[in-house]
There are 2 protein chains.
Amino acid sequence: MSAKPRIERAALEVFAAHGVDGATTKLIAARAEVSEGAIYRHWKSKDELAIGLFMAAHRRLSDLIDTEAGAVHGVEAKAAALVKAYCTAADEDWTLFSFHLLQLHHFLPYYQDDGRDPVTLVETIIKYGMMKMELPPGDPRVVAAMAIGVITQTAQNKAYGRLGEDALSAHASLMTAAVQAVLKAR
Amino acid sequence: MSAKPRIERAALEVFAAHGVDGATTKLIAARAEVSEGAIYRHWKSKDELAIGLFMAAHRRLSDLIDTEAGAVHGVEAKAAALVKAYCTAADEDWTLFSFHLLQLHHFLPYYQDDGRDPVTLVETIIKYGMMKMELPPGDPRVVAAMAIGVITQTAQNKAYGRLGEDALSAHASLMTAAVQAVLKAR
DNA sequence: GCCATGCAAGTAAATGCTCACATACTGATC
DNA sequence: GATCAGTATGTGAGCATTTACTTGCATGGC
């Protein structure tokens, strides 16, 4: 059985639990049941491994947003589709998504300026919604942050073990209603 | 001028920027314009310094919630008071609050079970609001997470530099409306 | 004189990473 | 199908560097 995917899984778990700086290559290797050297056959450095894993999740999330939001019309429908899609994807690979969620700030410098990060995409959707008078006017950056916060904080609390063992999807309809309420609130 | 407060300020900044594990005692000392040894006159270890700073912010926030929520009646009023109080406190000491916000997950083991953390307090307020029929029924843990997320994600995005140089308070009324909408959404 | 505070140099341990070597796979050649 | 070079993959001991922390000494207020 090849080591690369085992290393990726192990790294994801260790990074999510200890952070990128707190994680050691020894720990990752041990968890993957692989020697430390094996890591360096596939990645130049610990940071490159971390960045690779993160950016994969980041792009996957961006693509998800593009696809799901493009498939329906109207801000309300887009919001519902996005919440549902995020919940489903997170439940399918909780390790990946909690890593992405909890370690976001470590990777700010790497995605900040590519213009295709999830936050910017949501901001754009909201801006259009305001132009089309589907939403009341307001600072799209703040409205996007608030709407996103409804999801991310719930997911974080689940990651912290505050919501029991329920899937995130179990709360999808409640979160959808909350997001839609935030968008219209003023 | 005594070194202790200078070290505290410097540590706060460095921890906020690099995380607890990413921060080095050298960097903290350099930023405080103090030798590394000076740190160990006042704290036993780097971790004790970090925990001390964090728990101070954590207790201060818990006290704030207790005081502000106790001063008014009704969930709506409590929500408004809490949002305003958080914004004001955060603006007054942005370094402290962004450190608290961004490094929360590093300190989970230390406050999780003390029952007086901000999240639990908010959950309690919401639970009472539901009992008194001021709020529609629902899982208080999820509703609390969503309401808190409106604030924390906005604050995070400001910390990431996505909201310009505005004070957090500049968005307080928008956030209040959003939080109240979340509480009532179902 | 005494204690708290600060400094500069130093130490032991840990960490990311390398390297010489071993093994497993691939596919072209006979 | 057997042979064998060439390459990709994995090992584990070890290296240079960094890191948190210590220690002996100087200073200054009371």
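First the proteins, then the strands, lettered A, B, ... as listed; each starts at 1. From a predicted model like this one, the values you see are computed outputs, not experimental measurements.
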Short side-chain N/O contact to C:dA4 OP1/OP2 from B:H42, under 4.0 Å: no
Nearest-neighbour nucleotide for the A:K46 side chain, C:dC7, D:dC21, C:dG16 considered: C:dG16
B:L64 CG to B:L82 CG distance, which is reported to the nearest 0.5 Å: 7.5 Å
Gap between atoms CD1 and P, on B:I28 and C:dC7 respectively (whole Å): 15 Å
Between D:dT18 (P) and B:D21 (CG): distance, integer Å: 18 Å
Spacing between B:E33 atom CD and C:dC7 atom P, to the nearest angstrom: 10 Å
Under-3.5 Å donor-acceptor pair between A:E36 side chain and C:dC17 base: yes
Touch class at under 4.0 angstrom, heavy-atom based, for B:A32 against every strand present: nothing
Under 4.0 angstrom between B:T25 side-chain N/O and D:dA20 OP1 or OP2: yes
B:K44 NZ to D:dC21 P, straight-line distance once rounded to whole Å: 12 Å
Residues B:E68 and B:K78 bridged, charged N to O under 4.0 Å: no
Centroid-centroid distance, B:F54 to B:H100, less than 6.0 Å: yes
Rounded distance (nearest 0.5 Å) linking atom CD of A:E8 with atom CG of A:L49: 7.5 Å
N or O in side chain of B:S35 less than 4.0 angstrom from C:dA8 OP1/OP2: no
A:I39 CD1 - D:dG12 P separation (whole Å): 14 Å
Nearest-nucleotide 5' precedence on DNA chain C, A:T24 against A:R41: A:T24
Most 5' of A:K26 and A:V34 on DNA chain D, judged by nearest nucleotide: A:V34
Sugar-phosphate only, base, or nothing, as touched by B:A23 at under 4.0 Å among non-hydrogen atoms: sugar-phosphate
A:Y40 vs C:dC17: side-chain N/O to OP1/OP2 distance below 4.0 Å: yes
Minimum-distance nucleotide (side-chain atoms of B:S45 versus C:dG16, D:dC21, C:dG6): D:dC21
Distance, nearest 0.5 Å, that separates OH of B:Y86 from CG of B:L101: 4.5 Å
